[in-house]
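Lettering of chains follows the sequences in order, A, B, ..., and the numbering in each one begins at 1. Keep in mind it's a predicted model, so treat the numbers as computed, not measured. The analysis underlying the following values was restricted to heavy atoms, covering all of them including side chains, and did not include hydrogens, waters or symmetry mates.
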Amino acid sequence: MRYAAQKGTKDILPAEIYKWHKAERVFADVCHDFGYEEIRIPTFEQTDLFQRGVGDTTDVVTKEMYTFNDKGGRSITLRPEGTAGVVRSYIENGMASLPSPVRMFYSITAFRYEKMQKGRMREFHQFGLEAFGSEGPAIDAEIISVVDIFFKKIGLKNIKLCINSIGCPSCRNKYNEMLKDYFRPHVSTMCEDCQARFEKNPLRMIDCKIDGGKEVVQNAPRLIDYLCDDCKTHFEALKNKLDVIGIRYEIDPNIVRGLDYYTRTVFEFVSENVGTQGTICGGGRYDGLVENCGGAPTPGIGFAMGVERLLLEAEAQGIEFEKNDSVKIYFAGMSDAANEEIAKICYELRSNGIGCETDLMNRSFKAQMKYAGKSGIPYLAVIGDDELNTGKVNIKKMDDGSQTEVELDKIIVFLKR
RNA sequence: GUGGGAUUAGUUCAGUUGGCCUAGAGCGCUGGUUUGUGGCACCAGAUAUCCUGGGUUCGAAUCCCAGAUCCCACCCCA
């Protein structure tokens with residue numbers, strides 16, 4: 001036990017990979033059904049992209065990034081999330097000239113240097129998507145329904161959708177001033193963090209877990225009540241669209257999201273089961289981000305889903321992911337001559353896309369049978385002198401024990417049906 | 001950054017007031033139960049720097065000190 005996986009990293013073992021495959025497949029399918037295409041972006045970018053994109057006052061950027069200098073002296077950062085990289089790619093590849101909206105999804109690993117907890121890793125996986133060029137609110141409702149349908153297809157139930165609007169820069173600035181005026185007389189009685197937030201980002205004070213229960217905080221003016229007319233209309237329209245489709249939601253005025261780029265719509269899909277890390281999926285609109293990263297003013301919206309949290313939740317809900325066993329048949333050999341025949345048959349089967357296995361360790365017949373039984377391979381065929389002489393073999397279906405006589409050169413046909 | 005818990009075989013764990021520990025068990029693994037039909041059962045077997053380094057002691061998995069690693073919670077987030 002000399003080496004161990006690094007803190008916050010984890011092996012995804014063969015025994016559980018099928019869940020990941022299933023989730024990835026379903027997510028891609030749902031995205032495709034909405035017209036999203038996959039994009040694959042690099043694992044690292046220049047540090048500046050994240051500072052500018054994610055926001056250099058956020059926790060993520062100030063203390064959680066994996067940043068290092070490469071041999072050319074450039075500051076490089078392992079992506080802490082996916083949006084910034086996709087935005088960079090959108091601009092760099094001139095995607096603004098594609099028909100709007102430009103819709104892309106991804107499945108990535110992301111890196112944040114954090115203390116570990118249940119459902120929180122230093123290297124973790126996200127499914128996400130981004131849509132550019134549409135101010136919505138139809139597209140806001142669309143991406144929310146992507147998540148909704150995805151959960152449905154996976155079989156997840158009781159995931160609460162919380163939505164909020166944090167307005168555009170202009171109404172948020174006005175609101176921040178108002179909030180400061182409101183909190184000013186009370187700051188001294190609040191927690192240290194809130195005293196810092198008061199100057200930097202008063203909006204976050206509302207979200208505070210320490211002071212959150214206090215009357216002062218609960219009675220604080222809520223941004224959602226002070227949206228400008230455009231933002232209000234936008235939010236009302238989103239709610240209406242969700243109502244029409246029949247997606248249930250809760251308005252949570254306290255959602256502010258941790259990344260600076262959000263504007264207007266923000267949302268979270270929350271569970272009670274995933275430790276305290278209840279947020280399985282979070283997202284929102286970022287109308288200023290493309291411009292902020294050097295592109296033309298372009299509205300955008302997206303979300304990211306934590307795959308580890310998704311799977312934890314699925315497990316908590318007792319959801320079974322189907323395995324597709326790729327190996328269909330096991331050949332037990334009784335002699336050297338039989339093993340040669342088996343080698344030929346296996347080569348033929350595999351060439352035709354039919355998975356098969358046979359003994360590789362010179363095991364006794366009994367041991368081969370034991371292996372066949374325990375491995376869960378659905379079919380079994382024993383080949384010895386009899387089979388070589390008659391050219392026929394009994395293929396046994398392992399789960400019910402039934403046997404079918406098949407000619408050696410018809411095994412493919414038999415297994416293909 | 002702040003707190004709490006843990007660390008003994010591949011894995012889950014047991015290990016009495018420090019001596020019977022030459023460290024055990026379940027599961028898993030390998031083989032066998034007359035080389036022609038599996039999962040079960042039975043038998044046999046392999047596998048452990050008892051996290052590391054110091055210390056106390058006639059004697060340490062067990063007590064003391066330091067460190068490492070992991071987990072959980074706060075904060076924040078996916």
Side-chain angles (χ1 to χ4, degrees), chain A residues 1-10 13 15 54 57-64 79-83 108-128 147 191-194 196-197 201 204 207-212 255-259 268-271 274-283 302-313 330-336 338 359 361-387 393-403:
Chain A
M1 271 241 264
R2 189 87 178 80
Y3 295 107
Q6 286 302 291
K7 187 201 287 264
T9 68
K10 221 176 174 188
L13 301 173
V54 177
T57 64
T58 58
D59 278 5
V60 170
V61 169
T62 53
K63 40 187 203 194
E64 295 173 0
R79 60 183 171 215
E81 54 103 59
T83 303
I108 60 170
T109 52
F111 306 85
R112 292 183 198 171
Y113 191 87
E114 294 194 87
K115 285 267 184 120
M116 287 281 309
Q117 256 176 95
K118 198 179 179 71
R120 175 191 291 162
M121 312 290 290
R122 287 184 172 178
E123 179 186 27
F124 60 105
H125 296 72
Q126 289 188 327
F127 295 157
V147 182
C191 75
E192 274 179 43
D193 285 342
C194 281
R197 289 177 184 128
N201 195 351
R204 292 265 169 82
D207 200 28
C208 180
K209 298 225 163 56
I210 297 168
D211 292 323
I255 300 181
V256 291
R257 312 285 312 145
L259 311 180
E268 291 180 354
F269 284 85
V270 184
S271 142
V274 187
T276 47
Q277 318 303 319
T279 307
I280 295 175
C281 175
F303 68 73
M305 185 179 326
V307 185
E308 283 82 2
R309 291 181 187 180
L310 171 78
L311 294 178
L312 281 172
E313 176 65 18
Y330 184 88
F331 291 98
M334 305 290 298
S335 66
D336 289 348
D359 177 54
M361 308 200 320
N362 264 316
R363 281 198 261 227
S364 69
F365 177 71
K366 280 279 190 194
Q368 292 187 58
M369 293 305 290
K370 219 171 209 179
Y371 176 84
K374 279 192 283 200
S375 63
I377 297 171
Y379 291 93
L380 166 75
V382 175
I383 296 192
D385 292 341
D386 295 352
E387 285 74 17
V393 63
N394 279 316
I395 293 183
K396 182 172 184 177
K397 197 157 180 288
M398 295 298 266
D399 55 6
D400 61 11
S402 65
Q403 300 208 32

Self-check item: Atom pair distance, as rounded to whole Å: CG in Leu380(A) and P in G38(B)
Solution: 9 Å
Quiz item: Quick check: does any side chain N or O of Arg122(A) sit under 3.5 Å from a backbone N or O of Glu114(A), one acting as donor and the other as acceptor?
Solution: yes
Practice problem: Answer yes or no as to whether A78(B) has its base stacked against Phe124(A), where stacking requires a ring-centre separation under 5.5 angstrom and planes under 30 degrees apart. | Solution: yes
Practice problem: Please state whether the phosphate of U35(B), meaning OP1 or OP2, lies under 4.0 angstrom from any side-chain nitrogen or oxygen of Ser335(A). | Solution: no
Quiz item: Do the side chain of Arg120(A) and the base of C71(B) come within less than 3.5 angstrom through a donor-acceptor pair of N or O atoms?
Solution: no
Quiz item: In whole angstroms, how far is the P atom of C76(B) from the CD atom of Glu81(A)?
Solution: 19 Å
Self-check item: C1' atoms of G55(B) and U22(B), separation to the nearest Å
Solution: 26 Å
Quiz item: What integer distance in Å separates Glu268(A):CD from C76(B):P?
Solution: 12 Å
Quiz item: Does a distance-only test, which skips hydrogens and angles, find a donor-acceptor pair under 3.5 Å between the side chain of Lys115(A) and the base of G3(B)?
Solution: no
Exercise. Name the closest nucleotide to the Arg112(A) side chain, picking from U30(B), C75(B), C77(B).
Key: C77(B)
Quiz prompt | Distance-only donor-acceptor test, Gln368(A) side-chain atoms vs G36(B) base atoms, 3.5 Å | solution = no
Quiz item: Where the side chain of Met369(A) is concerned, which of G36(B), G39(B), U37(B) is the nearest nucleotide?
Solution: U37(B)
Exercise. Would you mind classifying the nucleic acid contact of Glu387(A) as base, sugar-phosphate or nothing, using non-hydrogen atoms under 4.0 angstrom?
Key: base
Quiz item: A14(B) and A48(B): how far apart are their C1' atoms, nearest whole angstrom?
Solution: 15 Å
Quiz prompt | Dot-bracket notation for RNA chain B, counting Watson-Crick and G-U pairs under 3.5 Å, with | for partners on another strand | solution = (((((((..((((.....[....)))).(((((.......))))).....(((((..]....))))))))))))....
Exercise. Just compare G32(B), G39(B), U35(B) and give me whichever is closest to any side-chain atom of Lys374(A).
Key: G39(B)
Quiz prompt | Gap in Å between the two P atoms, one belonging to G45(B) and one to U7(B), rounded | solution = 30 Å
Exercise. With heavy atoms under 4.0 Å as the rule, sort Ala332(A) into base, sugar-phosphate or nothing.
Key: nothing
Quiz item: So does Gln117(A) get a side-chain nitrogen or oxygen closer than 4.0 Å to the phosphate oxygens (OP1/OP2) of C72(B)?
Solution: no
Self-check item: Rounded distance in Å between the P positions of C71(B) and C13(B)
Solution: 15 Å
Quiz item: Within the pair Arg363(A) and U30(B), is there a side-chain N or O less than 4.0 Å away from OP1 or OP2?
Solution: yes
Practice problem: Could you check which of G36(B), G38(B), A78(B) has an atom nearest any side-chain atom of Gln126(A)? | Solution: A78(B)
Quiz item: Can you tell me how far P in A46(B) sits from the matching atom in U52(B), rounded to whole Å?
Solution: 24 Å
Quiz prompt | Out of C76(B), G39(B), U30(B), whichever nucleotide has its closest atom nearest the side chain of Glu64(A) | solution = C76(B)
Self-check item: Nearest-neighbour nucleotide for the Lys370(A) side chain, C77(B), C29(B), G31(B) considered
Solution: G31(B)
Exercise. Check whether any side-chain N or O of Arg309(A) sits under 3.5 Å from a backbone N or O of Thr279(A) as a donor-acceptor pair, and report yes or no.
Key: yes
Quiz item: Is the Tyr371(A) to Tyr330(A) ring centre distance short of 6.0 Å?
Solution: yes
Exercise. Taking only the side-chain heavy atoms of Asp386(A) (C-beta and beyond), determine which of A78(B), G38(B), G36(B) contains the nearest atom.
Key: G36(B)
